[in-house]
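I have a structure here, written as structure tokens, and I will follow up with some questions on it.
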Amino acid sequence: MNGIAVKVEGLGKRYRIGAAPQKARGVAGALKNAVVSPFTYLRRSLREAAPDEVIWAVKDVTFEVPPGQVVGIIGRNGAGKTTLLKILSRITDPSEGRVDIYGRVGCLLAVGTGFHPELTGRENVYLNGAVMGMKKAEINARFEEIVEFAEVAKFIDTPVKYYSSGMFVRLGFSVAAHLEPEILIVDEVLAVGDVGFQKKCLGKMGSVAGEGRTVLLVSHNMEAILGLCQRALWIDGGQLSVDGPSEEVVRAYTQASMDLAGEGYFLADEAREGDGRLRFTGVSLRDGQGRPLEAAACGEPLEIAISYKTQGEEVRHVSVWLWIKNHLNREIICLYTRLTGEDFDRLPPGGQLVCRVPRLPLPPGTYLLDLNARVAGVQADRVRDAARLEVAPGDFFGTGKALDNVGDLLCDHGWRLEA
Amino acid sequence: MVSAPLQVTHIRPRQGWSSLSLREVWEFRELLYFLVWREVKGRYRQMALGPLWIVLKPFITMVVMSVVFGRLAKVPSDGLPYPLFNYAGLLPWTMFSIAVSKSSTSLVSNMSIISKVYFPRLVVPISTACAGLLDFCMSLIILVAMMVYYGHLPGWQAVFLPVYVLLAILTALALGLCLATVAVRYRDVGFAVDHLLQVAMYATPVVYPSSLVPETWRWLYLLNPMAVVIEGFRWSLLGKGLPPGPSLYLALGLVLLLLFLGAHHFVRSERTVVDLL
């Protein structure tokens with residue numbers, strides 16, 4: 001047996017980005033652009049790219065994976081993880097470097113690829129299997145198992161357009177999970193589906209790993225990485241930043257995220273999701289009396305003040321929510337205007353939104369905040385790791401005792417005896 | 001335990017001419033089959049008339065053309081009843097034009113698969129061209145019925161029919177391969193192709209016989225492989241038209257050359273096509 005399953009050497013992928021097209025002025029400008037743009041397009045494609053037109057999505061990545069190892073790949077959005085997987089799964093060609101893969105590769109970059117809404121579940125299983133390179137006989141042999149794992153036996157002869165999104169995802173994952181490749185490449189597909197099924201998938205992947213198969217797994221779920229992977233790769237800016245045992249890499253990565261969030265790094269970043277009709281510009285913490293806080297205290301009132309600006313006009317029908325995430329990047333609390341029935345009917349061009357938590361139910365530790373806003377149902381802004389929330393020890397239960405090892409969340413409660 | 005030899009994959013940046021890896025396409029023949037099947041089956045679900053539409057479309061066109069060109073304009077038809085003459089030309093043309101237009105946009109319409117999973121990309125345009133072939137077989141039934149109605153039963157020449165059908169589908173595939181990767185970059189291609197096909201129909205003997213073209217220009221006219229296909233198609237089924245000859249060999253040669261170039265162009269551009277989707 002060969003001692004290597006995947007060997008990656010000096011891998012790089014270059015993308016050419018266009019200079020922003022000039023915005024047309026009036027009808028004449030638009031006409032001129034229509035005439036000129038095909039030529040500039042052609043000229044651009046014919047000559048060599050200037051250095052400022054080139055970005056490296058992946059650069060100088062080198063690593064080896066022995067057979068049977070489960071490797072997690074972590075990194076921020078846009079760090080190049082997905083590009084790396086796309087090269088490994090041969091969806092796109094690298095610009096430089098080499099990859100050698102020893103074994104049959106199964107890849108799960110999205111579930112249900114090639115599902116046709118008009119076809120039934122049964123027909124789609126065969127189609128999807130064929131897309132992923134399974135032979136008809138193989139699918140026949142595993143059909144029962146696939147359907148049972150997906151829990152859709154009753155609807156297997158119904159067109160998938162009538163499926164709930166959960167059923168759709170389950171069926172898609174189930175086909176892929178039964179592909180039985182020697183090397184499995186998985187992108188963040190577990191973020192979808194209900195929690196029960198996510199657990200089942202993790203279990204299935206665990207058993208895949210247990211059978212000595214090589215797995216490359218991209219995930220933002222640090223618990224999944226810690227639970228499944230012996231080793232992790234941290235990709236940052238297209239380059240391999242840290243490679244080592246998953247505990248160490250995850251710790252380094254989350255520490256870095258916390259540090260950057262503390263500096264407001266991601267709030268300052270202009271390139272982000274959403275249509276920009278509302279942008280968050282800052283986050284500050286206050287205590288119950290409105291005094292600024294360095295660290296919140298467990299069991300005390302907390303106010304989170306979020307400043308925003310719009311594109312200069314009033315915006316209507318705004319819902320805002322923020323996620324509080326723990327040190328493993330898991331979302332644990334959702335603070336949402338819709339949950340409390342307090343969506344903002346209209347917001348002036350700039351101001352501060354204040355979210356008040358009367359008694360902070362978080363045990364001491366470091367947390368991260370994600371900010372989201374939707375204007376009239378359309379995502380306007382989303383900032384991951386917008387701010388760091390330090391929670392200092394506090395007296396949540398009013399007993400005067402320090403809290404230790406109490407789980408992820410604190411909950412008001414009392415005890416009595418009924419004999 | 002005896003394990004099968006490990007499959008080894010080398011991924012390298014590719015430059016210049018590379019092999020068509022037709023063997024790999026062959027290995028994915030089941031996917032080809034499933035894609036054709038999806039195309040055909042998915043298209044007519046939840047339609048009251050279902051696959052009948054495949055037959056109805058050319059039939060209705062034939063009726064309209066028979067009235068306009070046959071009755072009103074009195075276009076000659078090589079001594080055949082005009083509807084029969086017209087339908088026998090319309091059938092291969094419809095197959096050809098649908099196959100060209102679908103295969104040239106096949107990468108774009110299948111981008112959800114292409115950007116998520118690897119398989120030899122050649123499978124995609126080939127499968128759409130094959131789906132056209134299936135539609136053709138359905139519409140052939142009407143032609144047979146019409147031949148019985150008009151009392152025009154085919155002779156021994158009918159054995160040549162598959163040659164012409166194959167030539168038509170290969171021509172369509174060749175054009176589709178040339179255009180498919182271009183259509184990813186410039187979405188204009190889809191529109192342009194549909195318009196050009198409409199114009200091209202009049203450069204092909206669908207509504208009139210090629211005998212109408214002046215003798216001196218006939219050679220130029222027959223450089224169009226589809227002209228050869230339609231004339232040959234009529235000849236093999238109805239006995240009127242162009243029997244196999246130098247024009248057929250020339251057309252075959254041209255199409256094979258175009259197919260070869262198209263396939264290479266396709267394989268050359270497929271490697272980065274995902275980046276543009």
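Remember, predicted model here, so these are calculated numbers, not experimental data. Basis for what follows: all heavy atoms, side chains included, without hydrogens, waters or symmetry-related copies.
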Hey, are the side chains of B:Pro13 and A:Pro94 touching, using non-hydrogen atoms and a 4.5 Å cut-off? yes
I'd like to know if the side chain of B:Glu30 reaches the main chain of A:Lys136, judged simply by a donor and an acceptor atom lying under 3.5 Å from each other, with no hydrogens or angles considered. yes
Chain B contact via A:Tyr126 - side chain, backbone, both or neither, heavy atoms under 4.5 Å: both
Report the distance from atom CD1 of B:Ile11 to atom CG of A:Asp93, rounding to the nearest 0.5 Å. 8.5 Å
One option among A:Pro117, A:Gly12, A:Ser89, A:Ala130 has the most heavy-atom pairs under 4.5 Å with chain B, and it is A:Ala130
Pick one of side chain, backbone, both or neither for A:Ile185, based on which atoms fall under 4.5 Å of a heavy atom in chain B. neither
Are more than 12 heavy atoms, taken from residues, nucleotides or ligands other than B:His195, located less than 6.0 Å from that residue's NE2 atom? no
Thinking salt bridges, do B:Glu270 and A:Arg90 make one under a 4.0 Å N-O criterion? no
Between B:Arg38 and A:His116, is there a donor-acceptor pair closer than 3.5 Å when you use the side chain of the first and the backbone of the second? no
What distance do B:Ile114 atom CD1 and A:Thr92 atom OG1 have between them, rounded to the nearest 0.5 Å? 12.0 Å
If I measure from the heavy atoms of chain B, does A:Lys135 come under 4.5 Å with its side chain, its backbone, both, or neither? both
What distance separates B:Tyr118 OH from A:Ile91 CD1, expressed to the nearest 0.5 Å? 10.5 Å
If you count the non-hydrogen atoms of other residues, nucleotides and ligands that lie under 6.0 Å from CZ in A:Phe63, is the total more than 12? yes
Under 4.5 Å between any side-chain heavy atoms of B:Trp37 and A:Leu119, yes or no? yes
Between A:Val99, A:Thr83, A:Ile87, A:Val105, which shows the greatest number of heavy-atom pairs under 4.5 Å with chain B? A:Val99
To the nearest 0.5 Å, what is the distance between CG (A:Asp100) and OG1 (B:Thr9)? 9.0 Å
